[in-house]
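To keep things clear, I will list the structure first and then write my remarks on it.
Quick note: numbers below take in every heavy atom, side chains included, and nothing from hydrogens, waters or symmetry partners. The chains referred to below are lettered A, B, ... by the order of the sequence lines, with proteins before strands, and numbering in each begins at 1.
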Amino acid sequence: MENNRTEKPWIELGLTDSEYERIKEILGREPNQVELGMFSVMWSEHCSYKNSRPVLKTFPTEGPQVLQGPGENAGVVDIGDGLAIAFKVESHNHPSAIEPYQGAATGVGGIVRDVFTMGARPIALLNSLRFGSLSSPRSRYLFSGVVSGIAGYGNCIGIPTVGGEVYFHPSYEGNPIVNAMCVGLLEHKDLAKGVASGVGNPVMVVGAKTGRDGICGASFASEELNDASEEKRPAVQVGDPFMEKLLMEACLELIKTGYVVGMQDMGAAGITSSSCEMATKGNTGIEIDVALVPRREEGMTPYEIMLSESQERMLVVPVKGKEAEVERIFSKWGLDAVVVGHVTADGMLRVKEGDKVVAEVPAKALTEMCPVYHREAKMPEKLPEIQNCDLKSLSEPSNYQKVFLDLLSRPNIASKEWVYEQYDHMVGVNTVVRPGADAAVLRIKGTNKGIALTIDCNSRYVYLDPYTGGKVAVSEAARNLVCTGAKPLGLTNCINFGNPEKPEIFWQFKEAVRGMSDACRALNTPVTGGNVSFYNETKGEAVFPTPTVGMVGLIEDLSKVCTLGFKNQDDYILLLGENSDELGGSEFLAMYHGLEAGMPPKLDLEKEKALQNCTLELIGRGLINSAHDISEGGLSVALAECCLAGRLGAQIKLESPIRPSALLFGETQSRIIISISREMLEQVREVAQKYGVPISKLGVVQGKSLVINGNDFTINLSLSEIEARYKGAIPCLMKG
Amino acid sequence: MRFAVIVFPGSNCDADCYHVVKEVIGQEVDYVWHREQKFSQKYDCVILPGGFSYGDYLRTGAIARFSPIMEEVINYAHQGGLVLGICNGFQILTEAGLLPGSLVRNKELKFVCKDVYLKVENNRTPFTIDYAPGQVIKVPVAHGEGAYVCDPDTLERLKENNQIVFRYSTAGGEASPECNFNGSVDNIAGIINEKGNVLGMMPHPERCAEAVLGNDQGKYVFTSIVKWLKGGQVRGK
């Protein structure tokens with residue numbers, strides 16, 4: 001090993017021998033230490049997508065609503081009136097595994113910068129979190145640390161955290177998933193890009209000073225976790241939300257002046273990535289002098305300055321001659337804005353320290369010339385056996401009411417109030433539908449419009465069948481939006497998988513992307529950007545494949561917004577879609593039978609599309625009073641959620657040949673529960689028929705209890721009993 | 001009427017207060033940057049908004065109170081001008097000595113964002129005359145350090161002078177220990193100074209001032225100010 005360290009320093013930095021050869025070929029010489037460091041971060045999976053790029057290219061990315069697709073800091077979709085929404089999701093899994101508070105906090109900070117870099121004012125945050133079982137003290141520590149970190153950062157910068165999801169599964173025990181999504185609002189004319197153009201234009205570093213924190217974080221994010229990972233704690237950055245708030249206000253003020261040519265967040269790989277990416281996009285070069293970069297510590301080497309991941313910094317290329325204007329705005333907010341170099345015509349990223357050149361590489365060598373790997377994909381050997389597990393002959397529970405209550409207390413299903421009460425979800429005075437619903441809804445001030453936001457993924461389905469799981473993840477996110485009356489516009493995704501060098505993992509990845517792409521095409525929700533996080537493994541064991549989907553939808557008339565809660569006594573409760581006998585991948589199967597097996601619920605995209613269009617018409621015409629998607633826990637749990645949200649009970653009669661466990665707890669897709677005023681019944685039926693969507697009566701809104709009667713079962717519980725289990729579960733588990 | 005919303009670095013409810021004053025109750029409003037030494041206009045009411053001024057790094061409100069504008073705010077208050085401090089604004093007012101007591105960490109040591117019920121204990125103030133005496137209103141809170149504390153003598157004085165304006169209560173108006181989620185002394189959610197022109201409150205009335213957000217009961221804090229300035233009368237006895 002010692003020999004490796006001295007003779008092959010690139011190995012230590014995560015580069016392979018052949019990659020090192022390629023660098024030598026590009027440069028026509030051996031790289032020096034600074035250059036090697038720059039290559040190692042830029043050619044890491046985190047920055048280069050070298051393993052995922054060929055597959056990601058298969059996502060549909062276009063549509064008339066897309067103003068900015070993948071490749072920029074965030075995607076942008078049009079919402080009319082000259083306004084647009086910028087949005088993106090990003091992972092911060094590895095830092096959060098080591099230092100949950102700062103790992104999660106800086107995840108929020110990074111995604112917020114990605115959005116305001118586009119010229120958008122961030123108006124909402126969401127997050128998707130996954131941990132091991134709450135019975136483990138370490139999982140509780142990570143869960144509570146991550147939630148505090150998100151709260152500490154998001155609350156301080158004053159962006160509401162309006163939605164999210166939290167799941168618990170043993171596969172995430174060593175490697176939690178922390179995905180943060182930010183959504184911003186902009187006027188079309190303010191759309192900014194991360195491009196360095198105009199030879200001679202100055203290059204400025206703005207925001208926080210550069211320190212020694214987070215050096216080589218991107219490389220750390222691109223390897224598996226192991227016992228030595230704890231030693232990588234210095235690779236975790238420390239966040240300063242107050243600084244971020246100042247930086248955000250200053251940048252947004254600057255963009256309004258029209259003096260910005262290009263702007264880019266210094267996220268992973270700091271000055272290195274922002275400068276070479278901006279030069280690549282501008283087809284230019286950049287020359288910078290690291291001696292001019294404001295530093296937090298003395299004696300920092302060019303290597304450290306180029307690779308530091310100190311937070312809350314941006315690289316800005318303003319119009320030449322406007323440097324003083326930039327400085328004036330930043331100094332008002334108490335921030336540095338320093339010219340460190342300029343845009344050149346030669347395509348080189350040239351780094352100087354005073355007069356001495358310390359690194360000189362073609363900008364595109366760091367970005368576009370990174371090797372791309374076409375990895376082998378192979379279905380896991382044991383998967384067919386797991387998929388073919390016989391679920392038809394399982395015994396039925398003897399007490400459905402007990403199973404129902406137990407399901408409501410499962411952390412994956414129970415209320416996440418413990419989490420979202422710690423997030424400021426109202427600052428900004430736009431939050432119309434708060435966390436805990438199918439999707440959050442924000443009004444757009446100055447218009448009658450609203451946007452609906454959700455983030456979603458059922459990773460157990462993806463594990464059992466990545467293609468179907470991918471399809472379901474996209475479809476369910478869209479269905480969540482549709483239940484509020486929003487037309488889905490586009491999505492961002494965060495692909496959290498294991499080590500792509502393993503054929504089984506790469507197969508999961510390819511199949512999941514194929515499923516997602518098919519659903520995106522069918523539902524007209526192009527992918528506008530995202531993030532890939534591989535190497536989510538601990539000691540060789542991968543997490544459940546988790547392609548999180550963040551989606552944005554538009555509500556044209558906010559007065560029509562629909563929510564999940566039952567609204568009036570005696571309203572009819574109806575089911576759009578069809579029940580079927582499917583238990584594969586369900587939470588019930590995992591809880592009651594201890595099985596994570598079978599095929600996940602089927603999904604027919606034509607039926608799904610019809611269901612969504614039907615629901616949108618029903619809401620748009622004001623024919624229904626509530627709508628709620630059926631997901632984890634099945635029909636019974638969804639009914640309970642409608643009751644609790646509306647503080648009204650329900651009398652339900654289920655007549656079906658399907659066995660009660662599947663009828664009550666199965667997670668068959670493409671189903672929505674609606675409630676309607678009685679006189680609307682005929683009109684509602686007509687609309688459903690027009691779309692060919694099956695519609696059936698479940699019961700009526702009544703009283704303060706949920707009563708579900710079937711052929712040989714009864715559930716009869718007061719809402720207060722249901723609420724106690726649903727809301728009490730997570731607080732109780734967190735007490736250890 | 002003309003309102004001022006003070007903007008400290010780290011204020012994050014400044015735009016919300018501005019929006020409510022301008023768009024909801026239709027009054028004039030200016031942002032005033034914390035580095036200003038003097039008001040450039042005559043203001044009828046000054047709002048210190050919520051947020052994390054200076055990151056709340058030393059102690060909530062402790063740095064903001066040294067901002068240049070605070071001297072002007074203190075003079076303005078001493079001359080009888082109306083000052084409303086919401087959340088971080090309340091914390092700044094106690095740090096600046098315009099209100100007694102202090103705000104410390106919530107009893108569960110966690111940030112809490114949710115709707116709570118408040119009982120309007122005193123509707124004879126410039127900030128509450130549009131509420132009925134004893135009215136119960138639903139208003140959101142969002143804070144990590146909102147437990148009001150003071151010494152027993154101060155508490156006695158607050159009670160005697162009717163300076164406790166809002167208490168955390170049940171929907172029925174009972175200030176029970178169960179609804180005192182942050183551990184404030186005597187369920188205190190908002191107090192006014194002895195002179196009756198400076199109000200500090202932890203809950204956010206600006207967040208529930210429009211029907212589109214599902215609740216407009218907070219709007220009446222703002223309409224009360226306008227009504228009082230116009231010489232309006234208290235509702236009820």
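Of the two parts of Lys332(A), the backbone and the side chain both hold a non-hydrogen atom closer than 4.5 Å to a non-hydrogen atom of chain B. Contacts of Tyr57(B) with chain A are made by side-chain atoms alone, with heavy-atom separations under 4.5 Å and no backbone atom involved. Interface residue Lys114(B): backbone and side-chain heavy atoms are both found under 4.5 Å from chain A. Interface residue Asn430(A): only backbone heavy atoms are found under 4.5 Å from chain B. Only the side chain of Glu210(B) comes within contact range of chain A, judged by heavy atoms closer than 4.5 Å. Contacts between Ile159(A) and chain B at a heavy-atom distance below 4.5 Å are absent for every atom of the residue.
With a 6.0 Å radius and a threshold of 12 heavy atoms from other residues, nucleotides or ligands, Tyr117(B) has its OH atom at or below the threshold. Around the CZ atom of Arg35(B), the shell of radius 6.0 Å holds no more than 12 heavy atoms that belong to other residues, nucleotides or ligands. Atom CZ of Arg296(A) is surrounded by more than 12 heavy atoms from other residues, nucleotides or ligands within 6.0 Å. The neighbour count for Glu71(B) CD, taken as heavy atoms of other residues, nucleotides or ligands under 6.0 Å away, does not exceed 12. Atom CG of Asp186(B) sits in a crowded spot, with more than 12 heavy atoms from other residues, nucleotides or ligands closer than 6.0 Å.
Residues Ala142(B) and Asp424(A) approach most closely at CB-OD2, 3.7 Å, considering heavy atoms. Residues Val212(B) and Leu558(A) approach most closely at CG2-CD2, 3.7 Å, considering heavy atoms. Heavy atoms only, all atoms of each residue included: Leu246(A) and Pro9(B) are closest at CD2-CB, 3.6 Å. Lys245(A) and Ser11(B) get closest at one heavy-atom pair: CE-O, 3.1 Å. The two residues Cys156(A) and Gly55(B) come nearest to each other via the heavy atoms SG-CA, 4.4 Å.
Ring orientation note: the planes of Trp33(B) and Trp333(A) are nearly perpendicular, at an angle over 60° on the 30°/60° scale.
The candidate with the highest count of non-hydrogen atom pairs below 4.5 Å against chain A, out of Asp16(B), Val141(B), Asn88(B), is Asp16(B). Between chain B and the residues Gly334(A), Gly158(A), Gly450(A), the largest count of heavy-atom pairs under 4.5 Å involves Gly158(A). When Lys110(B), His143(B), Glu23(B), Glu206(B) are compared by the number of non-hydrogen pairs under 4.5 Å with chain A, Lys110(B) comes out ahead.
Leu213(B) CG to Thr431(A) OG1: the interatomic distance, rounded to the nearest 0.5 Å, is 7.5 Å.
Under a 3.5 Å cut-off, the side chain of Asp56(B) and the backbone N or O of Phe242(A) do not form any donor-acceptor pair.
A heavy-atom distance below 4.5 Å is found between the side chains of Arg207(B) and Val427(A). With contacts defined as side-chain heavy-atom distances shorter than 4.5 Å, the pair Tyr423(A)/Cys113(B) does not qualify. Within the 4.5 Å cutoff, the side chain of His204(B) has no heavy atoms near those of the Met426(A) side chain. With contacts defined as side-chain heavy-atom distances shorter than 4.5 Å, the pair Val7(B)/Glu249(A) does not qualify.
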